[in-house]
Amino acid sequence: MSVLDIKDLQVSIETEQGKKEILRGVDLTINSDEIHAIMGPNGSGKSTLAYTIAGHPRYTVEGGSITLDGEDVLEMSVDERARAGLFLAMQYPVEIPGVTVSNFLRTAKTAIAGEAPRVREWIGDVRGAMEKLRMDSSFGERNVNEGFSGGEKKRHEILQMELLRPRFAVLDETDSGLDVDALRIVSEGVNRIKAETGLGVLLITHYTRILRYIQPDHVHVFVNGRVAEQGGPELAHRLEEEGYDRYLKAGV
Amino acid sequence: MTTTDMTPAHLATAEPIVPIQTRSERPTSFDPADFGTPTGREVNWRLSDLKRLAPLLVDEETETGDALGIEYGVAALEERGLLVESRGHDAAPRGEIFRPEDVISAIAWKRCANALHIRLPEGQEQAEPVIARLHGTGADRHANAHIVIEAMPGSVATLVLHHSGSARYAQNVEIIVRDGARLTLVSVQDWEDDAVHAAAHQAVVGADAYLKHMVVSFGGGVVRVNPSVRLAGHRAEGELYGLSFADSGQHIESQVFLFHEGTETRGDVLYKGALQGVGARSVWIGDVLIGDDATGTDSYEKNQNLVLTDGARADSIPNLEIKTGDIAGAGHASATGRFDDEQLFYLQSRGIEEEEARRLVVIGFLMEVVQRIGVPEIEERLAEAIEEELRRGAGLAPASKAGA
Ligand SMILES: Nc1ncnc2c1ncn2[C@@H]1O[C@H](COP(=O)(O)OP(=O)(O)OP(=O)(O)O)[C@@H](O)[C@H]1O
Ligand SMILES: [Mg+2]
């Protein structure tokens, strides 16, 4: 049982017009085997939260804390966080020219496991995971995310999650850009990994559709850099019908 | 970072392209005196390291005495019967297509009495890459050479000019790709740090013929390899690739000229360079000319540089001049950048340590060119050479972030 604990997190970024505050005191506690959905209007800071957990250098933490089983995550470098068991499925995965998917996956697995995986087993694992995500095996020889369609990039993110076996995963709009079948395949992947490893999930989304496949234990409404309301799955449906006006008018 | 792209669709509406120069009209001469001494303001010397190239500007006898500046390891060519005797400046096909375009090239022409003539026999395929090993015998030795590479009709071959050791070496390479021939020529500059090398490659590619021309520069103090390729025949193809890794104190330069002269020719130019260390310098000038009669031309050129540390500088100047509207496509792009933070972040977020992530990004960046060689053994050796360069730069601080 692990806990990812975010307390009073305040984050800013440097812009051309100077410093801009984005997160204004976020509190969230995620336990293993729990699914937390975060919904909120564009620009409310959801990706900022995701990137800050992963340690992107663009974001400056002004206050608050993130701990993983009591360990200070903010003290860790980006790669240390990944090795500690944090994973971010990105909203916009990055292309890496000249680095093949298979080379990338093997290098990442070696880094996270602390030793190179046994070749034959590893090849089987990769092939199996790709099959389950309905990814053609030819992706292994392609360069990371280069020329991938939007949906292929998202599947590739989940493929990495499946192979790297993190303790907590932040899925930043993994459902955007997926067709109906892909949405189901990706959701099944998340549920499968959770069932096998007790993964804790922070799922950022704009749509309730994915929540039909991945049942959230908690739903958080994210507005203007903080959590404006929390509830169960029913909250997601209400948001879908009413939108965020209520929170925005309240001027949080 | 600048990136430009042009397609015929854009050309139709965009303002006419004003060429910086009409490259095909550049003066040529076999007499060094006609060029005078470069001042450093000329378009083809402006970005060059004239100070260190100065020894090559001296029009002196270099073939007397017993010590030659360059040893030619051509046994492999001899065994296969690929060498042809060439005596005197008039021995055909020497000079069939070659016209010196600068003073160093004119001196090399004049001072090299007997060319090295490599002929790939008609209709024959060389199963293995053929390697000529050119070894410099000393940094103070001045050498001049004219090399003729003649790919006879229907021949297929991969030829490597491998340079090592040290010298002050001026070199002309005259490349004749006759109709229907397929030639891959790789010039590898694996010099010691104090070598000075200026090479003028000139090629003509005939009908249905193909030339893959590749410049690989990792070693040397000043290395200037200027390839100029005329796609003269109907459906001639030219692929011009370059790969360089400049360390502290190295000046690596390529002025590339691709002239689409025949109809339905296809050209692809891709040069990539990495730079690390204070004073590492690279210069790339890429001129593409699509001639009046070159209908159906398909052309693309790109130069990309990756600056790994502060204190290194890359110049990149692409020019595209189009004289006929009736082409299949033409574009160019040029970009010089530092490490892409987003790429590093992505790799690190998967547990990969920063140094390993940098290594992956650099190798990945350069592999795009390596992968185009198509000769596995050369590709492997180059991948190793890149690793070696990276080990050399391992202690250097990474380039500061753009805008910081
Ligand atoms: N480099 C930047 N310069 C200026 N503003 C920025 C920069 N990066 C992020 N922001 C701003 O930070 C705010 C939060 O952005 P963030 O990407 O976290 O939003 P989001 O909730 O993920 O939105 P979406 O639903 O559209 O993905 C936005 O207003 C955005 O414009
Ligand atoms: Mg977002």
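Order of the sequence lines sets the chain letters (A, B, ...), proteins ahead of strands, with each chain counted from 1.
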Checklist entry - If every non-hydrogen atom of Ser349(B) is compared with every non-hydrogen atom of Ala82(A), which pair is closest and at what distance? => result O-CB, 3.3 Å
Next on the checklist: Rounded to the nearest 0.5 Å, what separates atom CZ in Arg350(B) from atom CG in Leu163(A)?
Outcome noted: 11.5 Å
Checklist outcome for this item: In short, Phe345(B) meets Pro57(A) closest at the heavy-atom pair CD1-CD, 4.1 Å
Checklist entry - Is the number of heavy atoms from other residues, nucleotides or ligands under 6.0 Å of Glu388(B) CD greater than 12? => result yes
Next on the checklist: Is there a side-chain contact between Glu353(B) and Ser77(A) in this structure, where contact means two heavy atoms from C-beta onward sitting under 4.5 Å apart?
Outcome noted: no
Next on the checklist: Quick check for you: to the nearest 0.5 Å, what is the distance between Glu342(B) atom CD and His56(A) atom NE2?
Outcome noted: 3.5 Å
Checklist entry - Taking atom CG of Asn143(A) and atom CD of Gln371(B), what is their separation to the nearest 0.5 Å? => result 6.0 Å
Checklist outcome for this item: Rounded to the nearest 0.5 angstrom, the CD1-CZ distance for Ile352(B) and Arg83(A) is 10.0 Å
Checklist entry - In terms of heavy-atom pairs under 4.5 Å, which option from Val78(A), Ile96(A), Ile112(A) contacts chain B the most? => result Val78(A)
Checklist entry - Is any residue of residues 360-370 of chain B within less than 4.5 Å of chain A by heavy atoms, and which ones? => result Leu360(B), Gly364(B), Phe365(B), Met367(B)
Checklist entry - Which answer fits Glu95(A), side chain, backbone, both or neither, if we ask what part of it has an atom under 4.5 Å from a heavy atom of chain B? => result backbone
Item to check | Results of salt bridge (charged side-chain N to carboxylate O under 4.0 Å, His left out) for Arg120(A) - residues two or more places apart only | outcome: none
Checklist entry - Taking everything shown except Arg118(A) itself, do over 12 heavy atoms lie less than 6.0 Å from its CZ? => result no
Checklist entry - So Tyr346(B) and Phe104(A), would you call those rings parallel, tilted or perpendicular, with 30° and 60° as cut-offs? => result parallel
Next on the checklist: For the CD atom on Glu387(B), are there more than 12 heavy atoms of other groups (residues, nucleotides or ligands in this structure) within a distance under 6.0 Å?
Outcome noted: yes
Item to check | Choice from Thr100(A), Leu164(A), Thr107(A), Thr110(A) maximising heavy atom contacts with chain B below 4.5 Å | outcome: Thr107(A)
Next on the checklist: If you count heavy atoms of other groups shown closer than 6.0 angstrom to CZ of Arg392(B), is the number above 12?
Outcome noted: yes
Checklist outcome for this item: Whatever's closer than 4.5 Å to a heavy atom in chain B on Pro166(A) counts as neither
Checklist entry - Hey, is CD on Glu196(A) packed in by over 12 heavy atoms from elsewhere, all under 6.0 Å? => result yes
